[in-house]
Amino acid sequence: MVYDFKEVEKKWIDRYDSFAGYKGVDFDKKEKKYVLVEFPYPSGNGLHVGHAFSMTGADVYARFMRMNGFNVLFPMGWDAFGLPTENYAIKMGINPVIVTKQSTDNFKEQMRRLALSFDWDREVNTTDPEYYKWTQWIFTKLFEKGLAEKQEMAINWCPSCLIGLANEEVVDGKCERCGSETERRTISQWVVKITDYAERLLDGLKNTSFIDKVKAAQVNWIDKRVGANIVFEVKGSSEKLEVFTTRPDTLLGATFMVIAPEHKLVAGVMDKEDIKKYVEESRKKSEMERAELSKEKTGVFSGLYAINPINGKEIPIWIADYVLISYGTGAIMAVPSHDERDEAFAEKYDLEIDREFVPDEKMIDEIIEKGVGEKSVNYHLRDWIFSRQHYWGEPIPMIKCPVCGWIPVPDSELPVKLPEVEKYQPTSTGESPLANMTEWVETECPKCGGKARRETDTMPNWAGSDWYFLRYCDPKNDDKLADMEKMKYWMAVDVYVGGDEHNTLHLLYSRFIYQFLYDLGVVPKEIPEPYYMRLSHGVILGTDGNRMSKSHGNVIVPESVADIYGTDVLRTYMMFMGPFDSTMAWNERSLVGVKRFIEKLNKLVTDQVGKNGDGDLESSRIVHKLIKGATEDISRLKFNTVIAKLMETVNELTRAKVLVSDENLGNIVKVLAPFAPFVAEELWSVLGGEFSVHTQMFPKYEENYLYTSGVTLSVQINGKLRGTVEVNIDANEEEVRAVAESQEKVQKYLSEGTIRKVIYIKGKTINYVVA
RNA sequence: GCCGGGGUGGUGAAAUGGUAGCCACGCGGGACUUAAAAUCCCGUUCCCUUUAAAGGAGUGCGGGUUCGAUUCCCGCCCCCGGCACCA
């Protein structure tokens, strides 16, 4: 019988739409398992095979957990605010709400075809006012707790998008979204003080079992440095110069000081023409550009001298933009004999380098004793610029009253809905288009009732994804972001599958928001961290080896494969391509191998069903070996080797021409089910099983089928393979030696010297050391 | 420069201290067929060899530990991803 995937998919797909087997059941007695895969940004291009790959991997795992008796929560939603939708809306003059609807409908249908077993009853959308009501609520709480404030600050500015960018959104001095050169500009911005949680964010990693590289990414991003702040007098001035150093022991080796161009001491020397010029030029550079100029450091002498607090030595103070005002105190003591950057700078400007200098540990005590410095901890983590001058984001729910100052919008008036506007682009002043909505902007102060104005900035795209995993626990709750008891049941996320690109920002921001909510008492006190385990999925690149994107023109959509080969072959192939966490270029070359495998399996089952009673012992051995291997491999997300084992099983059973019982045919089908849901369902029904195969228990292997008395050992002579022997698994060294040494070839090599030693590793090898 | 990941056949890859290359693609040969497709069977790391047997080399490079190293350690080279010159 030829396998017709179109007919089979058509037969089952509708039944899965309302299938109870895929739903997470609140408070179910079964043990829960929360499997989360990052929700996508629903772009107009649709879901590509990269998405399909990571989601299918998570789906296989979720299905496997269900078949192991867990009550699985496997939800999906849309992180739908963002610039591409806004840009498309601007270009086409269409409301982003409509654009978003079209995109999410399209994504959802694609996911349906991929047979992803999401619980659609829990679908969330960050652009839904019922959802962003709570995103806004969180912001008002941040404000109330003093963790959000407006700051006049120099930011990266994109002159094309007319928007402020966080440092991480500037790539090579260019705007990440539009590619324009960015500049520095001072603007009033909402800033969220994530740095207050730096220590907690480091410490909390102890409560997780993230894979090592994810933990490392978090630790390195926070980058805690312990050192000292040391105060220098400035010669002929009442001003003092404070520096942060991780090496207070090198204090006596300091031969010059460097301050950032933004440092307050610079203001006093701006009358000098060369200094003024230097400061103005560095102001134009973004931090990225300053970083890029690493090979050619620039600076200018301030004319000022600092006094070393220990030995009274006069040290010249230089101004250089390789020192950043945002880190430490914006000033350093330079020890060119112990720091390569300082050395390069000293050589360029012909400054003193004390090559004889030896660091002195006791210096630290002396500094503290003299009261000229103190222990200091710095984190490289920076506060989070939270304002965007854009339309398509959550309005920041704040009101500016000329009398009362900034007042958060009261809970009862949330959500602050995005008003309809005529134009979606930012205003010519760089304000968000909401600023033009006079009747929306003008409001009353919630506190004094006087005339006041709404904030017109919107939130960054990270805001909605900071807490979405909580909303899945209770997606329709109108009174709170989620019910405490439901969160207590489902949280923490057991396995969070995501991309490396989110291992720093998204992961850190969402952990921060969770910890903040924890302190607020709105999430369960038993659960200090949101994610128990974080795994990285790999990336599927285009056939050209580049990331899939419209601009590269290398996007492969899953339907193009599913139309020809079917969903099962596509899914199984993606899982077979390589390890789940590795980067691979899309290549359809061996897709046909998976197709052949599915057809062979189909033939095996339809040929043998109902004919073979108990089957042959040999077939049970083969099938139980599969069950054991598959159980271990899926648990470790080693999907590619499970497929290899399935292929091997079908090949062995076909070649051995053994009789296979219906039970064992069913066992193979169950192992296949997480990967190829449609054909597994069909074959399960051929075998007379009840709908659905996906709610069956994953088979358990039986030890007695796996036991083999015979084993093949390698025979090595001086570590080189010289033969193999078949022996009983429990054979002792003498027995193995007798068999091995009866072989002509082994005798030949043994006769070349005297046996000095024999190493026998039971079940594996016997090695003769001959000299 | 810093951080993370990686380097194994013609290709995707497997093996995490014990027979390197499972499984799959591709390729070669054969069966079936009027023919082709599909399917099935055999072979396929490289070198030497008509073939086979036998041998040698072999997991980026150079060392080391070990009876034995793709796997562990030290040094180096190259590729990919991330980055904020972080004092």
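Lettering of chains follows the sequences in order, A, B, ..., and the numbering in each one begins at 1. What you are looking at is a predicted structure, and each value in this text was computed from that prediction instead of being measured.
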Any residue meeting salt bridge (Lys or Arg N to Asp or Glu O under 4.0 Å) with Glu347(A), in chain and number order, not counting sequence neighbours: Arg355(A)
More 5' along RNA chain B: Thr329(A) or Lys764(A), using each one's nearest nucleotide? Lys764(A)
For Glu588(A) and Tyr573(A), which I'm curious about, is there any donor-acceptor pair between the side chains at under 3.5 Å? no
Bracket notation of RNA chain B in which parentheses pair within the strand, [ ] cross earlier pairs, and | pairs with another strand (Watson-Crick or G-U, under 3.5 Å): (((((((..(((.....[....)))((((((.......))))))(((.......)))..(((((..]....))))))))))))....
Lys625(A)/Glu652(A) ion pair, N-O < 4.0 Å: yes
Would you say the rings of Phe5(A) and Tyr565(A) are close, in the sense that their centroids are separated by under 6.0 Å? no
Indicate whether any N or O donor in one side chain lies under 3.5 Å from an N or O acceptor in the other, for Ser714(A) and Thr765(A). yes
Closer than 4.0 angstrom, basic N to acidic O: yes or no for Lys6(A) and Asp4(A)? no
When you compare the side chains of Glu726(A) and Thr712(A), does any donor N or O come within less than 3.5 Å of an acceptor on the partner? yes
Is Tyr749(A) close enough to rG55(B) that one of its side-chain N or O atoms is under 4.0 Å from OP1 or OP2 there? yes
Same-atom distance (P) from rC80(B) to rG28(B), integer angstrom: 33 Å
Base, sugar-phosphate, or nothing: which does Leu381(A) touch, judged by heavy atoms less than 4.0 Å apart? base
Please work out which residues in residues 753-761 of chain A have a non-hydrogen atom less than 4.0 Å from an atom of RNA chain B and list them by number. Lys757(A), Ile759(A), Ile761(A)
Please give the distance between the P atoms of rU70(B) and rA57(B) as a whole number of Å. 13 Å
Table of protein N/O atoms under 3.5 Å from nucleotides 36-43 of chain B N/O atoms:
residue, atom, partner, partner atom, Å
rU39(B), OP1, Arg596(A), NE, 3.4

Base, sugar-phosphate, or nothing: which does Asn503(A) touch, judged by heavy atoms less than 4.0 Å apart? nothing
How is Lys645(A) classified with respect to the nucleic acid when contacts are heavy atoms under 4.0 Å: base, sugar-phosphate, or nothing? nothing
So, Glu38(A) and Arg534(A), do they make that salt bridge, N to O below 4.0 Å? yes
Just checking, any donor-acceptor pair under 3.5 angstrom between side chains of Gln743(A) and Arg722(A)? no
Which is more 5' along RNA chain B, the nucleotide nearest Tyr768(A) or the one nearest Leu713(A)? Just name the residue. Leu713(A)
So Phe210(A) and Tyr531(A), would you call those rings parallel, tilted or perpendicular, with 30° and 60° as cut-offs? tilted
Rounding to an integer number of Å, can you tell me how far Asn220(A) CG sits from rC3(B) C1'? 5 Å
Charged N to carboxylate O under 4.0 angstrom, Glu599(A) versus Lys603(A)? no
So what does Ser536(A) hit on the nucleic acid, given a heavy-atom distance under 4.0 Å: a base, only sugar-phosphate, or nothing? nothing
Reading nucleotides 9-16 of chain B from 5' to 3' and marking B where a protein heavy atom lies under 4.0 Å of the base, S where only the sugar-phosphate is that close, and - otherwise, the string is --SBSSS-
Within the structure, does a side-chain N or O atom of Asn651(A) lie under 4.0 Å from either OP1 or OP2 of rA24(B)? yes
So, using side-chain hydrogen bond (donor to acceptor under 3.5 Å, both in side chains) as the criterion, who are the partners of Lys224(A) when residues are at least two apart? Glu199(A)
P spacing across the pair rG56(B) / rG4(B), given as an integer number of angstrom: 42 Å
Any side-chain donor near an acceptor of the partner, Asn503(A) and Asp500(A), under 3.5 Å: yes
